[in-house]
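Working notes for the structure below.
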Amino acid sequence: MNKTTLISIALLSLVSVLQAQVKEASKKYTILMNMVHHNPGEPRFNTKYTNSEYIKSLGYNGQIPKFEIQCAVTYDDFEYNLIPNSTPEKLWIERKAADIRIQLDKAQQAGMPMYPFTDVLVVPKSVMEKYGDDMKIDGKLSIQKPRTQEILKAQIEEIFKRFPELGGLTIRFGETYLHDTPFHVGNRPVYSPEDHIKIINILREEVCVKRNKKLFYRTWDWGKIKKKFHLVPEVYLKITDAVEPHHNLYFSTKHVNGDFLRGLPFNKTLGIGKHQQIVEVSINQAGMYGRNAHPYYIGQGVIEGWPEMEQKKGLRDLYDNLQVKGVWTWTWGDGWFGPYFGNEFWMDLNAYIIREFAENPLKSEETIFNDYATSVLKMSPENNRKLRELCMLSVDAVFKGQATALQHMPPWWIRDHFFSAQDMSIYVKKGFSKEVLAEKKENLKTWYKMEEIANGIKLPNKEDENFIRVSTTYGRIKYELIELIFRTQIMFAEMEINNVPFDKKEAKLILETYTKKWDEWRTLKKENTNCPTLYVDYEAIHCQGNKPFVVSIERLERLIEE
């Protein structure tokens, strides 16, 4: 190879690198992160989305692991032997640090920056036993206490000393989970705007200024609605205006003005203020809508706005906002339990749509969908059309199957994989219980149509083809069971409010159909190894305090026997 050829190759290589850099620099959204949020207290998800190399190949440039990095520090530099040596507590911490080290090494090899999910006021029990009284006001941990500030700074210092390759931290607020941290205690570190201002300024100094690391501060908050950081523009501005902007500081906010639920407006705090922001999108949508165990397409709703919105608004409406710098997706988690499954087809589809929109926000949602069907799934135009129809039908088939377009319904009655006995007396009191039941019955026709479409879809990947069919049938049976739940709960409400006599014939039909549908569901699971795990009706955890639906089934059985 002569000198001229070598020079030409070198120049072409340089041009390619420069083009890639220009393309990266010209992106509207420069941050694209992903998180797998393992269910608290449950075995960790085994998913390709925890693989740094894999998500790097998808275009992500940040990973938010949930490995409790705040629990991997000993505070020895702060006070030697504060956590005594040769104790189970100290050994557990060192083992946690070793586990994190392995994961960070893999991420570094893949060139993937890590910004771990961090509960900053979760500390070892030994620390709390010695200094807890100095860290509290009225029995609650308080960032206003000097001792709390000292402990926080010591924690941050040791995190970056042990793990200097970290890209920064993602600060979690709201719930504090201790299910996987047997030697640690703690709680939420903020209770007021003043608390937020204090801790943000401390973290800004320790993370962004001193160490030149990125800080993603979540605005998710608890308390009265009128005071919530992530919902009320006046509260958001009061807090963030008291913090000086920094190129490493970002505020992270869900795209919904509340939790990841339907029936709520787009978040009102996005695109305001003087700070950089990133938008959180759960691919699981709070674990409320099947968690990708069956068809439920979120792409159009998240990007363009959901059908039921009074003011249709989505991610696309943020395009002209200079504050918004990127998107953070949650591909697993955002809940507590199942359903669980091994084929990530629906998750892959939904994640791709949101991810590709962040990369190319001027593309239409439908174009992104068709690109995925053609370039990734290798589908023919006819099968692409069928998949699109199936997905678009799922948007309302899921929502109207478990809620109603006629009246706001508390959503948490069907959280994760639980069927609970939701109180449906509101429909009876307002006089449209028949309309609600008719809506549920009509919605089942959509599920049967979806099942027919799914059975006709052809894919080069036969495992995915089969999963589309099995998971759609799974969803159809699920919503047939939910229709029976509505019939049962409304029947009880009619009896209690309007003194309607117990309809023994209807009760027997409900019980017979309920048993038949559970038998069909169990058979589907037994005959298809790729079938997701089934829902349960014998317990209801985190379901607004509702009793499990089996209680209503048992009541029907008793009334029939009387």
Side-chain angles (χ1 to χ4, degrees), residues 64 67-84 89-90 93-94 96-97 100 104 114-137 140-174 176 178 181 183-219 239-240 242-252 275:
I64 303 176
F67 46 37
E68 295 88 27
I69 201 163
Q70 72 276 359
C71 299
V73 295
T74 64
Y75 298 87
D76 275 345
D77 287 348
F78 173 72
E79 180 181 323
Y80 182 70
N81 215 32
L82 175 58
I83 303 166
E89 183 180 24
K90 191 72 162 274
I93 290 170
E94 294 294 0
K96 168 64 75 172
I100 291 173
L104 283 177
M114 287 279 210
Y115 308 99
F117 219 25
T118 309
D119 287 302
V120 291
L121 286 195
V122 168
V123 299
K125 291 179 180 179
S126 294
V127 174
M128 191 65 73
E129 287 169 4
K130 184 168 184 178
Y131 292 118
D133 290 344
D134 296 337
M135 299 170 67
K136 297 175 182 177
I137 295 178
K140 298 177 181 177
L141 286 174
S142 174
I143 193 59
Q144 302 296 340
K145 298 287 284 186
R147 180 69 73 185
T148 307
Q149 297 170 23
E150 288 180 5
I151 296 296
L152 171 59
K153 291 175 183 178
Q155 180 192 86
I156 298 298
E157 182 174 358
E158 188 174 347
I159 283 175
F160 286 108
K161 181 178 179 181
R162 275 185 178 253
F163 311 111
E165 66 271 50
L166 285 174
L169 298 176
T170 303
I171 307 302
R172 177 187 182 125
F173 291 118
T176 297
L178 303 171
T181 59
F183 294 97
H184 288 72
V185 293
N187 208 329
R188 55 180 298 186
V190 294
Y191 292 90
S192 66
E194 290 71 27
D195 286 350
H196 274 295
I197 292 166
K198 174 64 74 173
I199 199 168
I200 293 168
N201 277 305
I202 291 172
L203 291 167
R204 177 188 179 279
E205 178 67 21
E206 295 297 316
V207 179
C208 304
V209 177
K210 284 186 180 180
R211 295 172 176 87
N212 193 29
K213 302 286 187 177
K214 285 184 169 58
L215 177 70
F216 298 97
Y217 189 95
R218 298 188 74 223
T219 62
I239 293 169
T240 58
V243 179
E244 185 181 350
H246 191 281
H247 67 275
N248 282 327
L249 174 61
Y250 301 80
F251 288 93
S252 176
H275 288 273

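Positions are given from 1, in the same order as the sequence printed here.
Note that CG of L82 and CG of D77 are 11.5 Å apart. Values are rounded to the nearest 0.5 Å. For the atom pair CD1 of I143 and CD1 of I202, the computed distance is 4.5 Å after rounding to the nearest 0.5 Å. Note that OG of S142 is 10.0 Å distant from CE of M135, once rounded to the nearest 0.5 Å. Here the CG atom belonging to D134 is positioned 11.0 Å from the CE atom belonging to M128, to the nearest 0.5 angstrom. With values rounded to the nearest 0.5 angstrom, I137 atom CD1 is found 8.0 Å from T148 atom OG1. With rounding to the nearest 0.5 Å, the separation of OG1 in T176 from CG in D119 is 4.5 Å.
Of the possible polar contacts, none joining the H246 side chain to the R204 backbone as a donor-acceptor pair under 3.5 Å is found. Without hydrogens or angle criteria, T118 side chain to V120 main chain gives no donor-acceptor distance under 3.5 Å. In this structure, the side chain of K90 engages the main chain of I83 through a donor-acceptor pair within 3.5 Å. Between the side chain of H184 and the backbone N or O of E68, no donor-acceptor pair lies under 3.5 Å. A donor-acceptor contact shorter than 3.5 Å is absent between the side chain of K153 and the backbone of E206. Checked by atom type and distance alone, the side chain of T170 pairs as donor or acceptor with a backbone atom of Y115 at under 3.5 Å.
Side-chain contact between V207 and N248: absent, with no pair of heavy atoms (C-beta onward) separated by less than 4.5 Å. Within the 4.5 Å cutoff, side-chain heavy atoms of V123 are placed close to those of Y75. Considering only heavy atoms from C-beta on, E157 stays 4.5 Å or farther from F78 through its side chain.
Here the closest heavy-atom approach between residue E165 and residue K213 is recorded as C-NZ, 4.3 Å. Across every non-hydrogen atom of I156 and R211, the tightest pair is CG2-NH1, 4.1 Å. Minimum interatomic distance between L215 and I171 (heavy atoms only, all atoms of both residues): CD1-CG1, 3.4 Å.
Ring pair Y217/F251 is perpendicular by interplanar angle, where above 60° counts as perpendicular and below 30° as parallel.
Between E94 and R162 there is a salt bridge, since at least one side-chain N of the basic residue sits less than 4.0 Å from a carboxylate O of the acidic one. A salt bridge between K161 and E158 is absent, with no side-chain N of the basic residue lying under 4.0 Å from a carboxylate O of the acidic one. Ion pair E89/K125 not flagged as a salt bridge, since none of the NZ, NE, NH1 or NH2 atoms sits closer than 4.0 Å to an Asp/Glu carboxylate oxygen.
Open room surrounds NZ on K198; 12 or fewer heavy atoms of other groups in view lie less than 6.0 Å from it. Heavy-atom neighbours of D133 CG from other residues, nucleotides or ligands within 6.0 Å: at or below the threshold of 12.
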